[in-house]
Amino acid sequence: MIKWQKNMVKIGALATIVLALAGCSTAKSNGSGQGNNPGKTIKIGVNMELSGSAAGYGQQQKQGIQLAVNKINKTGGIKVGNTKKKIQLVVRDNKTSNTTAASVAAQLVNNDKVVAVVGPAATNAGTASIPNMTKAQVPSVSPSATDPGYTLQKNGDVQKYIFRACFQNNFQGSSAAKFMTSNLKAKNVAILTDNSSDYGTGLTKAFKKTYTGKVVSSQTFQEGDKDFNAILTSLKHKKIDAIYAPGYYSELGLIIKQARQAGINVPIVGSDGMADAKLAKIAGNSNTNNVYYTTPFSTKSGETNTLAAAFLKTYQAKYHTTAPTFSALAYDSVYMIKSAIESEKSANSVKITAGLAKITDFKGVTGTITMNKNHNPEKSMTIEKLTDGAVSQAYTIK
Amino acid sequence: MQTFGQQLINGLSLGSIYALLALGYTMVYGIIKLINFAHGDIYMLGAFWGYYVINQLHFNFIWAMLSAMVFCALLGVIIEYFAYRPLRHSPRITALITAIGVSFLLENGMTYLFTANTRSFPQVIKTVTYHLGGLRISNIQLLILGTACLLMLLLELIIKRTKMGRAMRAVSVDPEAAQLVGININHTISFTFALGSAMAGAAGVLIGLYYNSIDPLMGMTPGIKAFVAAVIGGIGSVPGASVGGFLIGLLETGVQAIGLSAYKDAVVYFVLIVILLVLPAGIFGKKTKEKV
C-alpha cells in the first residue's frame, strides 16, 4: 500500500518535471482526437533501455524487434486493407531513466508520429511514459514490464493504451509458489529478492501470498551486487528445503555459483529474468544443478511450437547465440501489433489500440496469447529445470 | 563460531578489493587534492583487459594481471595528462566535475563498444575449496587476500623507501616547495596516477576471476564504496585506505550476516556520516590547521 503511494508520488513528481520542461517534452493532444496515422510506411517506435543499468535486457529486446521487423518487411510488410506497407522502426534510447523514457515517448508520438510503440523494458520507465502515450492516443506494448499495476490506472481501471507481452508478477510468483509446494515438496524456504526493481519485489510479494510453507529467511540484494557470500553463509546453517530468488541472470548466476561453492545444494527457483544462456556461463555448468525458473518461453518449446523453432533458428543465424526470453517477448510484441493492424484493417494508432485489446488465440513464439480485459496476455507458464547448465526438463503450468 | 569464521573470510576477501581500490583514491587525493571518480572505471577496464588477453592471447593468470596493471597504469597517466593536467590551476570543483565526466565517458564508451551485457570471465585458475576445521576457503580467496596484501606492502615500500616515493610525499606536503628543490611535479603526479591505477587494474582482474562476471558498469558501486573506505581511513593516508577497505568489507558482511541485507549500503553510508562528524580527518588522517 505504502509502495503504491510512493509510486504515485514518484509519478506525480515526474509528471510535474515533465510539464515544467515545457512543450518540447509533453505530448500534444491531437486536435482531431484520432491518434497518429501512418504515412507511406508504418512507423513503429522503440522506447528502449539501450544504455544504463538495464541495457543488457534492452539490447536483447532490440534484437528481437529488429528480427521481427526484418522478417515482416521481407515478405512485403503488413497488410493494411488492400495494400501492403513496410514497417519503419524509430529506435530511441531511454537510458534506463524514467524522465528520459517520458520524453522519448513524447518525441516518438509527436515528432516521429509513430502509430505504435514497443517498450520500455522496465516497469518504472514504462509507467513514466504512460501519460504521454495516453495523451497522443498511441498504444505501447512492453515486452517485459511485469508489475501487476503497470496496465492499470489508480482506480483499478485499465490503462487504455498500455499493453504488455509478458506475464504479470502475480501469476509468475504464485506459479513458483505452487511448484515449490507440490513438485519440490519444499516446506521451509529462504527468499532472496532483487529489491532494486519492482520486478523482484513484486514477485516476492506474489510468492509470499500464495506460498503455504514457512519462509525461514527473507533477504534482499541490489542490482549489480557481486558478493552474496555473507547472505549465503547465514543461510547455510538454517534448515531450508529450497531458495526462491526472483531477479535477473547477472546476479542470479553469481548467487548460484556462490551458493554451490558454499555447500548449499538445495533447489534454487527463480523467474524469467534468469532465462538466459549467460546464467550458466556465469555460474559455471558444474554449479548449475537443481535450478528452476518460471518462463513464458522455453528453448525446449521449439520442439512443439513451429513458430518458436523458426524464431530460434533465425536468431541463432543472425546473432550466433541461443535466443534469450527477452528477445522472444520483444519479437512477439511486434507481431502482436502486426496482428492488430491486420484485424482492424487500419494502421491508425487508435485502431491499433482496439485491435490489441481484442487479440485472441494469437500464435506467438512465447505461446498462444489471448489479451484479457486488463491488457495482460494469457498464456501457459513453463518451468524449466537446469542440470549441468542445460535445460533438462520443462514443466507446463496452465 | 564456524559461521563467524566463515563470515570473517567473506569479509576479508571483499575488503581486500575495496582496499586495493581505496589506495588509488587516497594517493591521488593526497597529491593533487582531487577525488578521482573515474577510478572505479579504471578497475572495470582492468577486468576487461584481463578478459581479452586471457581469451584472445591465452595469457595465464599472472601475466594477465601484470599486463592489466601496466595497461591501467598507462591509462591512468593518459587520463591525468589529458583531463586533469590542463585543469591543475583551476578551482577544485572543476577538476571534480571533469572526473565525473571521465567516469561517464569510460562507462558509456565501454557500453557502446562492448554492449552492456554481463560477460563471464575465463576461469584460468580452477576453484579449489579447502576445508579447515569446518571453514571453507577457496584458493581464489587466498589468492585475492595474498595479492592484495603483497601489493599494499609493495606500495608502502615504494612510497617510503624510493626516491620517487619521497618525491610523492614532498609534492603532497607542499608542491611549490617541492618544485624549488628540484622535483618534477608533472612526473611525480603521473607516477602517482600510474601506481594507483595499477592497483585498480590488479583488483579488476582479481574480481573477474573471483566472481566470474564483468560488465561496463561494474566499477560504479565498488568505486563509491572504496571512496568511502578511503575517507573512513583518512583520505590521503595510505595505511588508512587499506584499513578502511577491510573495515568496509567486514562491515558489509556483518550487516548481511545478521539478516539486514536490505540495509547493507545504508549502513556503510551511515558509518561514513558518523566518521565525518566524529573524526572528520578519518581514522589515520592528520588534523591540519587551515589558515584563514
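Chain A is the first sequence line, chain B the second, and so forth, proteins listed ahead of strands; every chain is numbered from 1. All of these numbers come straight from a predicted model, not from anything done at the bench.
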K.L.:
If you look at every heavy atom in A:Ser234 and B:Ala257, which pair is closest and at what distance?
P.N.:
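Scanning both residues, the minimum pair turns out to be CB-O, 3.6 Å.
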K.L.:
What's the shortest heavy-atom distance between A:Ile282 and B:Tyr211, and which atoms?
P.N.:
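Closest approach of A:Ile282 to B:Tyr211: CG2-O, 4.5 Å.
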K.L.:
Would you say OH of B:Tyr269 has more than 12 non-hydrogen atoms from neighbouring residues, nucleotides or ligands within 6.0 angstrom?
P.N.:
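Enclosed: over 12 neighbouring heavy atoms sit under 6.0 Å from OH of B:Tyr269.
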K.L.:
With rounding to the nearest 0.5 Å, note down the distance linking CD in B:Glu252 to CG in A:Asp225.
P.N.:
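Going from the CD atom of B:Glu252 to the CG atom of A:Asp225 covers 7.5 Å.
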K.L.:
Sort A:Gln258 into side chain, backbone, both or neither according to what part of it lies under 4.5 angstrom from a heavy atom of chain B.
P.N.:
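When you check distances to chain B, only side chain atoms of A:Gln258 fall under 4.5 Å.
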K.L.:
Can you confirm whether A:Lys214 is buried at NZ, in the sense that more than 12 heavy atoms of other residues, nucleotides or ligands lie under 6.0 Å from that atom?
P.N.:
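Not buried by this count: 12 neighbours or fewer within 6.0 Å.
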K.L.:
Mind ranking A:Ser217, A:Ala283, A:Gly284, A:Gly263 by heavy-atom pairs under 4.5 Å with chain B and telling me who comes out on top?
P.N.:
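When all of A:Ser217, A:Ala283, A:Gly284, A:Gly263 are compared, A:Gly263 has the most.
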K.L.:
So what's closer than 4.5 Å to chain B heavy atoms on A:Lys257: side chain, backbone, both or neither?
P.N.:
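For A:Lys257, the contact with chain B is made by the side chain alone.
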K.L.:
Taking B:Thr253, B:Thr111, B:Ile9 one by one, which has the highest count of heavy-atom pairs under 4.5 Å against chain A?
P.N.:
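Answer, by heavy-atom pair count under 4.5 Å with chain A: B:Thr253.
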K.L.:
Which region of B:Tyr112, side chain (C-beta onward) or backbone (N, CA, C, O), has a non-hydrogen atom less than 4.5 Å from a non-hydrogen atom of chain A, or is it both or neither?
P.N.:
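Looking at B:Tyr112, nothing touches chain A.
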K.L.:
Kindly give the heavy-atom pair with the smallest separation between B:Ala262 and A:Asn195, and that separation in Å.
P.N.:
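The answer is CB-ND2, 4.3 Å.
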K.L.:
Mark yes when over 12 heavy atoms from residues, nucleotides or ligands other than B:Lys264 sit less than 6.0 Å from its NZ; otherwise mark no.
P.N.:
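Yes, enclosed.
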K.L.:
Is it the side chain or the backbone of B:Thr127 that comes within 4.5 Å of chain A heavy atoms, both, or neither?
P.N.:
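Just its side chain gets close to chain A.
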K.L.:
Between B:Ser213 and A:Lys226, is there a side-chain donor-acceptor contact under 3.5 Å, judged purely by atom types and distance?
P.N.:
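A donor-acceptor contact under 3.5 Å links the two side chains.
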K.L.:
Who among B:Leu260, B:Asn212, B:Thr118 has the most heavy-atom pairs with chain A under 4.5 Å?
P.N.:
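The residue among B:Leu260, B:Asn212, B:Thr118 with the greatest pair count is B:Asn212.
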K.L.:
Once you round to the nearest 0.5 Å, how far does CD of B:Gln6 lie from NZ of A:Lys236?
P.N.:
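Output value for this atom pair is 7.0 Å.
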K.L.:
Mind listing the closest non-hydrogen atom pair of B:Ser261 and A:Gln219 along with its distance?
P.N.:
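That closest heavy-atom pairing would be OG-OE1, 2.6 Å.
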K.L.:
Checking heavy atoms, do the side chain of B:Gln123, its backbone, both or neither come under 4.5 Å from chain A?
P.N.:
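Answer is side chain: those atoms of B:Gln123 sit under 4.5 Å from chain A.
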K.L.:
Side chains of A:Thr233 and B:Asn10: do they bring a donor and an acceptor to under 3.5 Å?
P.N.:
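Per modelled atom types, A:Thr233 and B:Asn10 side chains form a pair under 3.5 Å.
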K.L.:
Let's test your reading of the structure: which of A:Ala55, A:Ala262, A:Gly58 forms the most heavy-atom pairs below 4.5 Å with chain B?
P.N.:
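Going by pairs under 4.5 Å, I would pick A:Ala262.
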K.L.:
Nearest heavy-atom pair of B:Asp265 and A:Gln222: which atoms, and what distance?
P.N.:
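Between these two residues, the closest heavy atoms are OD2-CG, 4.1 Å.
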K.L.:
Counting only non-hydrogen atoms closer than 4.5 Å, does A:Leu254 touch chain B with its backbone (N, CA, C, O), its side chain (CB onward), both, or neither?
P.N.:
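For A:Leu254, side-chain heavy atoms alone lie under 4.5 Å from chain B.
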K.L.:
Might you point out which heavy atoms bring B:Gln256 and A:Asp227 nearest each other, and give the distance in Å?
P.N.:
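So the two residues come closest at OE1-O, 4.3 Å.
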K.L.:
Does any heavy atom of chain B fall under 4.5 Å from the side chain of A:Tyr57, the backbone, both, or neither of them?
P.N.:
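Contact with chain B: none, neither part.
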